Structures are given as C-alpha cells and as structure tokens.
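All values derive from a computational prediction rather than experimental measurement.
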Amino acid sequence: LTIYETKIDDEQMNKDLIKVIDERGDEQQFKTNVKAQMTNYDMTKSEPFIKLTNYMKELVENICIGEEKTKVKLIFPDIWGAKYESGQFAISHEHFPASFSLVYYIHVPHQCPAGLIFTDANIMKKVYSGLLLCFNGSVKHHVPQTEFRGSRYVAASNAYIQSYDR
C-alpha cells in the first residue's frame with residue numbers, strides 16, 4: 001500500500017473551504033458512505049475547491065512523473081467537502097474506477113484521535129490540519145467513529161488519467 005502525502009499551508013483557502021462547507025450544509029442527508037454533513041459532489045465550480053483541485057493536480061502529476069516517468073493529463077470530475085462532528089464516521093469504501101483518491105484535511109481539532117484507516121491493510125494514518133493524502137482509487141478506506149471536541153473538516157476528490165505521454 002502506497003500513500004502519498006504533502007502539507008498545504010494556505011490558511012485563506014482553508015477558511016474559504018470551511019465557509020463554503022458550512023454554507024452548503026448537509027446536502028447528502030447521510031445517504032453516502034460519509035455519515036456526517038457532506039456537500040454535493042459538484043463543488044468543482046467553487047473558488048476554494050478549484051484552488052484545492054490545483055494543489056491535488058500538482059501532487060498527482062508529480063507522483064506520475066517521479067514514480068512512472070510519465071506525464072499525465074488528469075481530470076477531476078468531482079470534489080466535495082464534509083464536516084464531521086464527534087461520533088460521526090465513514091463506512092469502508094473505495095473510489096474505483098478512479099486512478100487516484102485524494103483527501104485533504106482542512107481542519108482537524110487538537111485531541112482528535114481519528115485518522116484514516118485503510119481497511120484491508122488495517123493501517124491507520126494519523127491526520128492533521130493541512131495534510132493532503134493521495135492513494136490508489138481502488139483502496140478501501142474508512143473513518144472510525146470517535147469522540148472529540150470541535151469539527152473536523154475535509155475535502156475529497158478523485159483523479160482520472162485521461163491520457164499520458166512517456
């Protein structure tokens with residue numbers, strides 16, 4: 001299991017993402033794998049999400065050039081945000097047929113013990129504010145139910161390789 005990560009230091013983007021997620025509220029009504037407040041998948045037209053997508057694109061392009069010596073053209077057809085409160089969780093799931101899945105931790109409260117668990121490998125990745133994770137889209141993962149104070153904000157997306165050039 002390979003998990004790529006980078007730290008994003010962009011406080012204004014984080015504030016803007018939180019504002020949009022709070023304004024949109026719970027558009028999914030707990031009907032997805034995320035059992036927390038979640039926006040629709042169509043945040044691709046929202047300025048802070050566009051900015052985040054550019055960070056995501058840069059990470060995936062660097063992974064492909066560094067690991068595979070391949071220049072790729074990517075598409076990010078969806079991106080969404082979620083706000084977890086104490087006791088909320090995400091059911092184990094994958095994002096196949098996405099080439100890559102990405103999750104960005106906008107804000108993680110101090111003393112929040114929950115990380116991201118890669119289900120089949122039984123690996124828990126400790127998370128923190130500003131962390132961007134990237135992994136194969138077919139990897140099952142979930143967020144465990146845990147108690148904490150405050151709100152944990154995340155944004156997630158899927159990247160698909162549209163074309164490549166070696």
Side-chain angles (χ1 to χ4, degrees), residues 1-8 14 17 21 27-28 30-44 49-85 87-109 112-146 148 151-166:
L1 173 64
T2 304
I3 306 164
Y4 301 94
E5 64 181 84
T6 192
K7 172 92 164 98
I8 299 174
N14 292 344
L17 286 165
I21 291 168
E27 297 176 312
Q28 297 292 343
F30 287 59
K31 292 180 181 172
T32 71
N33 294 313
V34 175
K35 302 307 177 190
Q37 175 182 310
M38 184 178 153
T39 69
N40 283 327
Y41 297 101
D42 65 353
M43 303 307 295
T44 55
F49 282 90
I50 291 169
K51 189 170 189 182
L52 177 58
T53 300
N54 289 331
Y55 284 117
M56 291 175 165
K57 182 179 178 202
E58 181 181 4
L59 175 59
V60 175
E61 286 174 344
N62 288 337
I63 290 166
C64 291
I65 288 171
E67 297 284 326
E68 301 297 329
K69 309 295 186 253
T70 303
K71 186 172 181 172
V72 294
K73 183 173 181 187
L74 300 164
I75 55 172
F76 289 81
D78 50 22
I79 188 167
W80 60 96
K83 176 183 179 182
Y84 289 83
E85 302 290 347
Q88 296 178 335
F89 60 98
I91 295 169
S92 183
H93 63 284
E94 63 185 42
H95 295 271
F96 180 84
S99 303
F100 298 93
S101 291
L102 298 104
V103 60
Y104 176 60
Y105 293 86
I106 304 163
H107 176 75
V108 178
C112 181
L116 183 66
I117 296 180
F118 294 94
T119 310
D120 293 339
N122 198 28
I123 293 172
M124 184 175 93
K125 178 70 181 163
K126 186 73 175 142
V127 300
Y128 55 87
S129 300
L131 177 65
L132 174 59
L133 296 177
C134 177
F135 48 92
N136 186 296
S138 63
V139 172
K140 286 190 175 183
H141 55 284
H142 67 277
V143 177
Q145 189 173 20
T146 189
F148 60 93
S151 301
R152 182 175 64 233
Y153 288 87
V154 302
S157 185
N158 295 309
Y160 296 80
I161 297 175
Q162 189 172 36
S163 63
Y164 63 92
D165 184 23
R166 289 190 186 257

*asked:* In the structure I gave you, are the side-chain heavy atoms of V143 and R152 within less than 4.5 Å of one another anywhere?
replied: yes
*Residues, nucleotides or ligands: over 12 heavy atoms within 6.0 Å of F30 CZ*: yes
*Checking T70 side chain against D165 main chain: does a donor-acceptor pair fall under 3.5 Å?*
no
*After noting the C-alpha distance and the side-chain angles of V154 and Y84, does the key distance pass the side chain to side chain contact (heavy atoms under 4.5 Å, CB included) rule?*
CA-CA 8 Å; V154 302; Y84 289 83; 3.8 Å; yes
_H141 side-chain N/O to E94 backbone N/O, donor-acceptor pair under 3.5 Å_ = no
*Could you tell me whether the side chain of K57 and the main chain of K73 form a donor-acceptor pair under 3.5 Å?*
no
_Please find the pair of heavy atoms, one from S157 and one from M56, that lie closest to each other, and give the distance._
CB-SD, 3.7 Å
*Would you say S92's side chain and K140's backbone share a donor-acceptor pair under 3.5 angstrom?*
no
*Can you run down the ring-ring contact (aromatic ring centres under 6.0 Å, His included) pairs that involve residues 114-134, sequence neighbours left out, and say none if there aren't any?*
F118-F135
Considering only distance and modelled atom types, tabulate donor-acceptor pairs under 3.5 Å from the side chains of residues 97-109, sequence neighbours left out.
{"from": "S99", "atom 1": "OG", "to": "I161", "atom 2": "N", "distance (Å)": "3.2"}
{"from": "S101", "atom 1": "OG", "to": "N158", "atom 2": "OD1", "distance (Å)": "3.2"}
{"from": "Y104", "atom 1": "OH", "to": "N14", "atom 2": "OD1", "distance (Å)": "2.7"}
{"from": "Y104", "atom 1": "OH", "to": "N14", "atom 2": "ND2", "distance (Å)": "3.4"}

*Is the closest side-chain heavy-atom distance between Q28 and V34 below 4.5 Å?*
no
*Between atom NE2 of H142 and atom CD1 of I91, what is the distance when rounded to the nearest 0.5 Å?*
10.5 Å
*Taking atom NZ of K31 as the centre, report whether more than 12 heavy atoms of other residues, nucleotides or ligands fall under 6.0 Å from it.*
no
*asked:* Just checking K35: does its NZ atom have more than 12 heavy atoms from other residues, nucleotides or ligands closer to it than 6.0 angstrom?
replied: yes
*Donor-acceptor under 3.5 Å (Q162 side chain, I75 main chain)*: no
_With rounding to the nearest 0.5 angstrom, report the CG to CE distance, D78 to M43._
12.0 Å
*NZ on K125 to CD on E5, rounded to 0.5 Å*: 3.5 Å
*Are I3 and L133 close enough, and set up right, to give a side chain to side chain contact (heavy atoms under 4.5 Å, CB included), and what steps lead you there?*
CA-CA 7 Å; I3 306 164; L133 296 177; 4.0 Å; yes
*CG/N136 to NE2/H95 distance, rounded to the nearest 0.5 angstrom?*
11.5 Å
*First locate atom OG1 of T53, then atom CD1 of I79, and finally report the distance between them rounded to the nearest 0.5 Å.*
3.5 Å
_Nearest 0.5 angstrom please: Y153 OH to K83 NZ, how far?_
3.5 Å
*Test I8 against L52 for side chain to side chain contact (heavy atoms under 4.5 Å, CB included), laying out the working first.*
CA-CA 9 Å; I8 299 174; L52 177 58; 4.1 Å; yes
*Heavy atoms only: give me the nearest K126-C112 pair and the separation to one decimal.*
NZ-O, 3.0 Å
*asked:* Between E85 and Q37 (side chain of the first, backbone of the second, donor and acceptor by atom type, cut-off under 3.5 Å), is there such a pair?
replied: no
*Begin from the C-alpha positions of I21 and F49 and carry the test side chain to side chain contact (heavy atoms under 4.5 Å, CB included) through to its verdict.*
CA-CA 10 Å; I21 291 168; F49 282 90; 4.0 Å; yes
